[in-house]
Amino acid sequence: MKSPINIGIFSMKLIGILLLVLATACTTQLENPKPDELKLWYTKEAKSWMREALPIGNGYMGAMVFGGIDKEQIQFNEESLWSGGPGEWEAYNGGNRAGAHEYLPLVRELLSAGKYEEAHQLAGKELTGVIKNNTEHGLWEGYGAYQAFGDLYVEVENVGAITEYKRELNISKALAEVRYKSGDTNHKRSYFANYPNRVMVFKFENDANGGLDYDIELQTPHTNVQYHQHADELILEGKLQNNGMAFGARVLVTSNDGQISITENKINVESAKSVTLKLIAETDYTTDYPHYKGNDFESHLAQRATILKTKSFDNLLAEHIADYQTLFNRVSLELGSTEANTLPTDERLLKYGKGFADPSLESLYFQYGRYLLISSSRPGTLPANLQGKWNDKMAPPWASDYHMNINEQMIYWPAESTNLSECHKPLLDYMETLVEPGKRSARDFFNADGWIVNTMNNTFGFTAPGWDFPWGFFPGGAAWLSQHAWEHYGYTQDEVYLEEQAFPLMKEAAQFWLDYLVESEDGFLVSAPSYSPEHGGISSGASMDMQIVWDLFTNCIAACELLEEESEFKKQLESAKNKLLPPQIGSWGQLQEWKEDRDDPKNKHRHISHLFALHPGNQINLEDTPDLAQAAKVSLNARGDEGTGWSLGWKINFWARLQDGNRSHKMISRLLRTTTDEGFDMIQGGGTYNNLLCAHPPFQLDGNMGATAGIAEMLLQSQGGRIRLLPALPDAWKSGSVTGLKARGNFEIDMKWHKGRLQWSRIKSILGNNCTLEYNGIKRNITLGENQTLVLGPDLLPLD
Ligand code: FUC
């Protein structure tokens, strides 16, 4: 018979084994997913810039790589090269029209009298911005446009038939590669954009006996330029014809084995097995209002060239990958893969468009959005514009500018939720540069305090309404941007930032609205005049204005409370907020786009501005305002499931907020439909080019980013003080996992689900904040210490 002690030891051993088994089970269960190789790849060289070339970028510069076999083309940009502004036109002053506000009372009187046509005429004439001349798309003199910078061409000696061609972009490393054989010779090329050293690096290699010849040439479409060649360097210097902006680029050429020589404006490398090119570029632009110039780019380029000569390709690549992955690797997403995973991306996209389920194409698209943001928006750079930093034209669509009536905000929607908070910084810093010119616009047009921006913004402080009233008038732009200032705080909880950067921006944006709102006959505060973005007519109190102002006032009040200050200002906001015209439900159950009930149920317009309160705002939600949420649904259904790229991107988010994952997924499928349309389709549109860039059409970055944000929103939501796990999981993503998504309050969340049901979630509180979690109707308050992690089961109870 065993003694009690022995039994004790025995049972302790048993418990130990059991614990071990359990622990092992948990470890297997909690193991982070191994991502598929995140690659876009093709078996042909790119012919089309917009549809096929592959984008790389370091925030400051962008490049499109074609992978041409005999002649490589690398088309590149530097973010500040813009036409227009004070250099072009001495009288340029951000589009402002001195004394315009004198017409404001009359416009308001006409509106009150119901004389909309006359109000529109007058506002169109007097409350619009001034540019030098009004010509075609993107050729707006004075306003200017983002400019193509140049092309680097490399002629490659190929001997024999070309086989095994492969062109790829590995977004796990932010590295593009081309490989092929010419005869028996293997060729390999690598391309990446290094942020820490602000350089683009390209390497051409072959294993031919005695090496091969490469001819390198730098070109620019600009005409006022000089080319110089030094021993191993191509130098380009120029000034834009349009505004005299000075710019320069350098290509440093190195080869361990080849003979480097110069002919005319080319560098020739003979008998080389390997050639490395380092490309740098800069301009004399600064963000300093009102002149926007004075950057000593020549000495910066010279200094950088000296440093770069000491850095090897391997050195720069290792540094680049480490830097990039610090951001990129924070989030992984697994949605399950199918055999389509093995196909080249263009074929895969085609198959997807025919209805073949390919969830890992969707997760690739999600990660591609993160890749594009990291590549076009890093601390110290300008924000990503309509095309990120990629543009091959002098007159790109919509000037490739900053559109503030949806597009620019959408580009930054995924910044916080997909754990790229640092990439949000350029937008927040850019906002600061708009305050001074924006105050001038508020004063000139509305005789109001505070700052505004309208629909279109350039790099030269254009903050006036656009020069055509129906699309150009949107003083709500700064208030909407202020949501970004607030959200950055919401996710990071950085109070120093809130006090020093966010609150001043928000406060001055709110000050404008305190001045601009007027009391309507029925006693509400409304905006007047007001124009629902690109979908008027002119009226008072269009819903989007009211919802954005509600959002701004709500956030400002919360900020005042957190900062324990500004009690007078806070009181003003509270009393104004109580009088704001609230969202209204119209005759067919819709959420009204205007104060008046005049929505057309057949209208399919791409802008769905009156649903701002549902997303990205939170004034309307399923729980607190179910009737309004239902009305938003009615409106959304009426608008239908088609739309331009960004419009579809927004619809993914709307349906996610309405917790209809299948409908969100339908929008993703629509967006990922393959297209070759490079024109301007303003109605049906939408789609994806072979390089996975979103087609408005034409290419706009917003659609990519709206979808990336939407996918995050389907998996995790944290608005309204609660963290919802898998709130809009579609049937198409039966099993999967995600790591590293961020929730407001500075939490990091990982989840794994199986057959549509959450298996576990892992929540980490970076700052030791408490939170409320919600899944499948269960709610639980969670207490966590600083950097503490908790693993929970589907019942939201701890697993370990
Ligand atoms: C807004 C939209 C257009 C386009 C442009 C860049 O004006 O209405 O669809 O996206 O921005």
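In this text the structure is predicted, and so the values were computed from the model without any measurement. All ligand and atom numbering here is 1-based and tracks the order in the structure.
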_Residues, nucleotides or ligands: over 12 heavy atoms within 6.0 Å of K595 NZ_ =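 Yes, the 6.0 Å shell around NZ holds more than 12 heavy atoms from other groups.
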
_Contact residues of ligand 1, where a non-hydrogen atom lies under 4.0 Å away_ = L386, W398, H403, N407, E534, R606, H607, W646, M682, H696, Q700

*Which residues share a side chain to side chain donor-acceptor pair (under 3.5 Å) with H424, sequence neighbours left out*: E416, H484

*Residues two or more places apart in sequence or in another chain: which of them pass side chain to side chain donor-acceptor pair (under 3.5 Å) with Q590?*
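Only D597, D599 meet the side chain to side chain donor-acceptor pair (under 3.5 Å) criterion with Q590.
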
*I would like to know whether E642 and K651 meet salt bridge (charged side-chain N to carboxylate O under 4.0 Å, His left out); could you show each step before the answer?*
CA-CA 9 Å; E642 298 287 311; K651 287 175 183 173; over 6 Å; no

_So, using ring-ring contact (aromatic ring centres under 6.0 Å, His included) as the criterion, who are the partners of W550 when residues are at least two apart?_
none

*Verify whether one side chain among D702 and W646 offers a donor that lies under 3.5 Å from an acceptor in the other.*
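Absent: no donor and acceptor within the cut-off.
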
